[in-house]
Structure formats: C-alpha cells, structure tokens
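For reference, the structure discussed in these notes is given below.
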Amino acid sequence: MAAEIRSRSPRGPVLLTKIPGHREQVAAASLIPREDGVITASEDRTLRVWLKRDSGQYWPSIYHTMSSPCTALRYHHESRKIFVGQDTGAIVEFLMSEDFNKMNFIKTYPAHQNRVTEIIYSPGTQWVISTGHDKCLTWMCTESGAQMGRHSFASWASCLQYDEDTKYAFVGDFSGQINLLKLEQNSCSVISTLKGHEGSISCLYWDPAQRYLFSGSSDHSIILWDIGGRQGRTLILQGHHDKVQGLTYIHLTRQLVSCSADGGICVWNMDIDREEAPQWLESDSCQKCSQPFFWNIKQMWDAKTVGLRQHHCRKCGQAVCGKCSSKRSSYPIMGFEFQVRVCDSCYETIKDEDRTSLATFHEGKHNICFMTMDVSRGLMVTSGTDRIVKIWDMTPSVGCSLATGFSPR
C-alpha cells in the first residue's frame, strides 16, 4: 500500500505575536491596512483596537463594551467605518479616528432577529449587507439606516461574500448549500443554488479577478466553484481533518490559504491544471466483479449469495465492493491530499510521482475559529477557542517576496 506523502514545509508561517486579553472567544478580527494594528470583536462584548507599541507588544488603544456579545466584524479602511454584528441581530456602525485612538458611534441597524454571522460593506451602493441565524440576508442603506431588502432561506445563513461590480451575493447556509442572488435596490432574484458539500458551509471567499468562489465546510472539504470560466466546473480539495474555518486566495501566486478548527494551516498550489473529481455512479452491483449489493434482492436470490456493501472509487467514481477497492492512495491532482479509497484497477494507474503533495501543511497551535489575511503584506490573523489572537507572517509559506508584489510593512 502506498505511503501518504504530505508536504510539511520547513519554511512555515512565522508567528509574529500573540494577543491575549479577551475573556471569551474572539468571533472576528481585522488587520488594519498599512498599520501595525488589529481590530477584534469578541463574545465577551468588547470591541478592541490593538496597536503595536515601541516595546513590540500590542496594547488596546480602544476598548469599547457593547450591549451584547459581538459575533461579526467588518472594517472599511478608506472610509474608516467599523460595523459590528451582535448576538441580538443588531449591527452597530462606528467611525474610527485617524490616529486609531477614538471611535464615534454612528447608528444601529436592526438587521436581524438573531445572531449576525457576517457583514459586508458596499461603498458603491452604500449598503451594509449581512447574514444571520434568523435565516435571512438583509441589505440596509448606510445613509438613511433603512432596510433596502431582505431574503429568507430554509436554513441559518452562515457566511457571505459579495461582488461589487455585478451586485451578486453568495450566501452559504447550514444545510450545505450556497445561494447566488442578484441584489437590487428593493428586491433580489435567485440566480442559482450550488450543491456539493455534505456539511454546513462555514466560510466563503470570492476572488473577483478569476471569478472563483471558494467554500469551506464542516465536512472538512473545500470546493472551488469556477463561476466565470468553465460552466459548472468544481474542484474538491481535501486536506483538513476538521471544519474549515477560513479561506483566502492569493491571486498573485495562485495559492489558496485555508485554516481549520484543529489548528491546521494549509497552503494549496492552484497554479496547476487540477482534475475534477468524478460524479459517483450508482449501480445495483459492483461495476468491477458484478457481485450484487445488499439491496439487490433478486440477483442475490438468483446467485444464492450474500449482498455486499457499496463503496465508490474516488478516482473513477465507479460503484465497487470492498474486495475490489481494497487499496488506498492519495491523489493530489484531484484534491485528495490524504489516502482515500480507490478501486484496484485505478490504484495500478497511480504512479509514485502522482502522490506528491500539491499543498503544504502547518500547525497553528490553537483551535482556529476565525482567519483573515492582508494579502498585500502577507499577514494573517487567526483567533482561537483559547481566546488568543495570533498574527502570522505568511510570506515564507506562500513563496512571495517584496519583488513579487508584497509591499513593505
């Protein structure tokens, strides 16, 4: 049986600093562009702005207590607007001062009836768009504070991405579906529903340049949906062993960075022509040896044999029995970074070089519940169930230098 080849890069992410101090889990964080600072929103009801001091440590320049636990955060640097989602369903807007030592309350938006899960600010339309556990997507006018529109789903709306040019909203939900909607001034239309995950959608990332949508799920997998290219093309990436909690695509180097709840940090090479995983075929008998599966009563009776359990080869998609799929192999070109079931005939076609990893794996050393990146500087921030915020230098892992486009910190 082939050995699993997983690449653990010696040049992994460099931990720059740890920020303790929150009494509860940090729900969201945002790196401040062109500043040594980070904004955090926590379930301990505090919104904090941390700035790096001369000592090298981060100290809060703003410590604001909210009326209820903070569950979502969006910071827009050009306008210095901060939007904080709360467990009650409200979204509160603040305006940050230029020195990051003060912020003023602007208004409260009654956006949802339950926990806010994600917030997007659209400066072009002056909308604040959000999802919540009330199974709704809402978009509200930041000038008047009035609700512009609302759309309901069958399940909790868990995550959100938005394309400024087309006004398309991508909403992931707890049923495992991704809903694509076109937002208008006072209405919206459902364009499509993307189905492929077996667990709830935990995070989304939209790359407007490539028109790629990436989705992470509690089923431990990532799917790339090629929205603008080949019609219906999807690529599955399986390398995590727990719920995927954060995604960022680096367009410059064609790499995807993902984090999972068990602390795994993965950097995927997307600058190759990956193969699409096949659709699983259905059959009443093994498509290799023709032995009946256990529900095929007639063939079992005729052959006087016991029915077998159905499995699927991850490489060809055929329905096979356990005897005809006794081998396991990784197959990174199809997104399988760890060993999966393949039929015996497919196993023989996989060469040793086909098992070479197309991703690098690193340890975040805390159970990650949120991740975001400032791609221009190669910085990543993670927050964990340990209530610690970590800031990472990702440039050693993503193979970038200042010469390839990263600006100096």
Side-chain angles (χ1 to χ4, degrees), residues 4-9 12-13 159 161 170 172 176-178 194-207 210-230 232-251 253-280 312-317 328-342 350 354-364 368 371 373 375 380 394 397-399:
E4 182 181 357
I5 304 173
R6 284 168 70 89
S7 173
R8 290 192 175 271
S9 171
C159 46
Q161 287 286 276
F170 305 91
Q177 296 185 165
I178 302 168
L194 307 177
K195 300 178 182 179
H197 284 290
E198 296 179 359
S200 60
I201 309 299
S202 48
C203 53
L204 293 171
Y205 188 89
W206 169 246
D207 178 62
Q210 293 285 112
R211 304 192 70 74
Y212 286 163
L213 179 70
F214 296 90
S215 57
S217 170
S218 61
D219 65 10
H220 310 174
S221 72
I222 300 164
I223 297 181
L224 182 158
W225 309 84
D226 193 350
I227 302 297
R230 303 176 202 175
R233 186 178 76 132
T234 58
L235 298 176
I236 297 176
L237 304 174
Q238 293 190 345
H240 287 289
H241 294 284
D242 209 333
K243 180 181 179 180
V244 182
Q245 297 283 53
L247 297 163
T248 298
Y249 179 66
I250 304 174
H251 178 74
T253 58
R254 304 291 195 272
Q255 289 171 299
L256 176 71
V257 180
S258 59
C259 294
S260 56
D262 60 359
I265 300 171
C266 183
V267 181
W268 305 82
N269 178 8
M270 305 304 294
D271 194 24
I272 52 172
D273 191 15
R274 289 180 176 269
E275 294 179 17
E276 234 180 312
Q279 293 288 324
W280 285 5
H312 286 92
C313 172
R314 300 308 192 269
K315 188 174 185 295
C316 69
R328 303 289 183 273
S329 177
S330 59
Y331 195 53
I333 196 70
M334 202 174 275
F336 300 117
E337 287 289 335
F338 44 70
Q339 293 185 359
V340 292
R341 182 185 295 272
V342 292
I350 302 174
D354 295 332
R355 298 186 176 98
T356 303
S357 180
L358 297 175
T360 59
F361 299 86
H362 316 278
E363 292 296 333
I368 296 170
M371 175 274 266
M373 283 187 69
V375 173
M380 179 175 75
M394 291 296 293
S397 302
V398 298

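Throughout, residue positions are numbered sequentially from 1 according to the sequence presented.
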(message) Walk me through whether His240 and Cys266 qualify under side chain to side chain contact (heavy atoms under 4.5 Å, CB included).
(response) CA-CA 8 Å; His240 287 289; Cys266 183; 3.8 Å; yes

(message) Tell me whether Ser330 contacts the main-chain N or O of Pro332 through its side chain, where contact means a donor paired with an acceptor under 3.5 Å.
(response) no

(request) Indicate yes or no for a side-chain donor-acceptor contact from Glu337 to the backbone of Leu358 under 3.5 Å, with no hydrogens or angles considered. (result) yes

(request) State, yes or no, whether a side-chain contact exists between Thr234 and Glu276 at a heavy-atom distance under 4.5 Å. (result) yes

(message) According to ring pair (Phe, Tyr, Trp, His ring centres under 6.0 Å), who are the partners of His220, at least two apart in sequence or on a separate chain?
(response) none

(request) Give the minimum heavy-atom separation between Ile368 and Cys259, together with the two atoms involved. (result) CD1-CB, 3.8 Å

(message) Please report the interatomic distance CZ(Phe170) to CG(Leu204), rounded to the nearest 0.5 Å.
(response) 9.0 Å

(request) Go through the steps to decide whether Lys315 and Phe336 satisfy the test side chain to side chain contact (heavy atoms under 4.5 Å, CB included), and finish with yes or no. (result) CA-CA 10 Å; Lys315 188 174 185 295; Phe336 300 117; over 6 Å; no

(request) With rounding to the nearest 0.5 Å, note down the distance linking CG in Leu247 to OG in Ser260. (result) 10.5 Å

(message) Run the side chain to side chain contact (heavy atoms under 4.5 Å, CB included) test on Thr356 and Asp354 for me, step by step, so that the C-alpha distance in whole Å, both residues' side-chain angles and the decisive distance to 0.1 Å come before the verdict.
(response) CA-CA 6 Å; Thr356 303; Asp354 295 332; over 6 Å; no

(request) Verify, without hydrogens or angle tests, whether Gln161 (side chain) and Trp206 (backbone) share a donor-acceptor contact under 3.5 angstrom. (result) yes

(request) State, yes or no, whether a side-chain contact exists between Thr248 and Met371 at a heavy-atom distance under 4.5 Å. (result) yes

(message) Restricting to non-hydrogen atoms, name the atom on Thr253 and the atom on Asp271 that form the minimum distance, rounded to 0.1 Å.
(response) O-CB, 4.4 Å

(message) Please check: side-chain N/O of Asp207 versus main-chain N/O of Tyr249, any donor-acceptor pairing under 3.5 Å?
(response) no

(request) Would you indicate whether the side-chain heavy atoms of Asp226 and Leu224 approach each other to under 4.5 Å? (result) yes

(message) Take a 6.0 Å sphere around CD of Glu275 and say whether it holds more than 12 heavy atoms from other residues, nucleotides or ligands.
(response) yes

(request) Report yes if some heavy atom in the side chain of Met270 is under 4.5 Å from a heavy atom in the side chain of Ile272; otherwise report no. (result) no

(request) Taking the side chain as every heavy atom from C-beta outward, state whether Ile265 and Met380 have any pair of such atoms under 4.5 Å apart. (result) yes

(message) Once side chain to side chain contact (heavy atoms under 4.5 Å, CB included) is applied, do any residues pair with Ser218, and if so which ones, sequence neighbours excluded?
(response) Ser200, Lys243

(message) Nearest 0.5 Å, please: how far is CG in Leu237 from CZ in Arg274?
(response) 5.5 Å

(request) May I ask you to check whether Ser202 and Gln245 show a side-chain donor-acceptor distance below 3.5 Å? (result) no

(message) Under a plain distance cut-off of 3.5 Å, with no hydrogens placed, do His197 and Ser215 share a side-chain donor-acceptor pair?
(response) yes

(request) Go through the structure and list residues passing ring pair (Phe, Tyr, Trp, His ring centres under 6.0 Å) with Tyr331, not counting sequence neighbours. (result) none

(request) Look up atom OH in Tyr212 and atom CD1 in Ile223, then write down how far apart they are to the nearest 0.5 Å. (result) 15.5 Å

(message) Within this structure, what is the CD1-CD distance for the pair Ile227 and Gln210, rounded to the nearest 0.5 Å?
(response) 13.0 Å

(message) As a quick check of understanding, evaluate side chain to side chain contact (heavy atoms under 4.5 Å, CB included) for Val257 and Met394, giving each step before the final call.
(response) CA-CA 9 Å; Val257 180; Met394 291 296 293; 3.9 Å; yes

(request) Identify the two heavy atoms, one from Gly246 and one from Cys203, that lie closest to each other, and give their separation to 0.1 Å. (result) N-SG, 3.6 Å

(request) Report yes if the side chains of Leu213 and Tyr205 come closer than 4.5 Å at any heavy-atom pair, otherwise no. (result) no

(request) Provide the closest heavy-atom pair for Pro278 versus Cys316 in the form atom of the first, atom of the second, distance. (result) CG-C, 3.5 Å

(message) On a heavy-atom basis, which atom in Trp268 and which in Ala359 lie closest, and how many Å separate them?
(response) CE3-CB, 3.8 Å

(message) If we check side chain to side chain donor-acceptor pair (under 3.5 Å) with Ser329, which of these qualifies: Arg341, Arg355, Gln339?
(response) Arg355

(request) Measure the spacing between CD of Gln238 and CZ of Phe338 and express it to the nearest 0.5 Å. (result) 5.0 Å

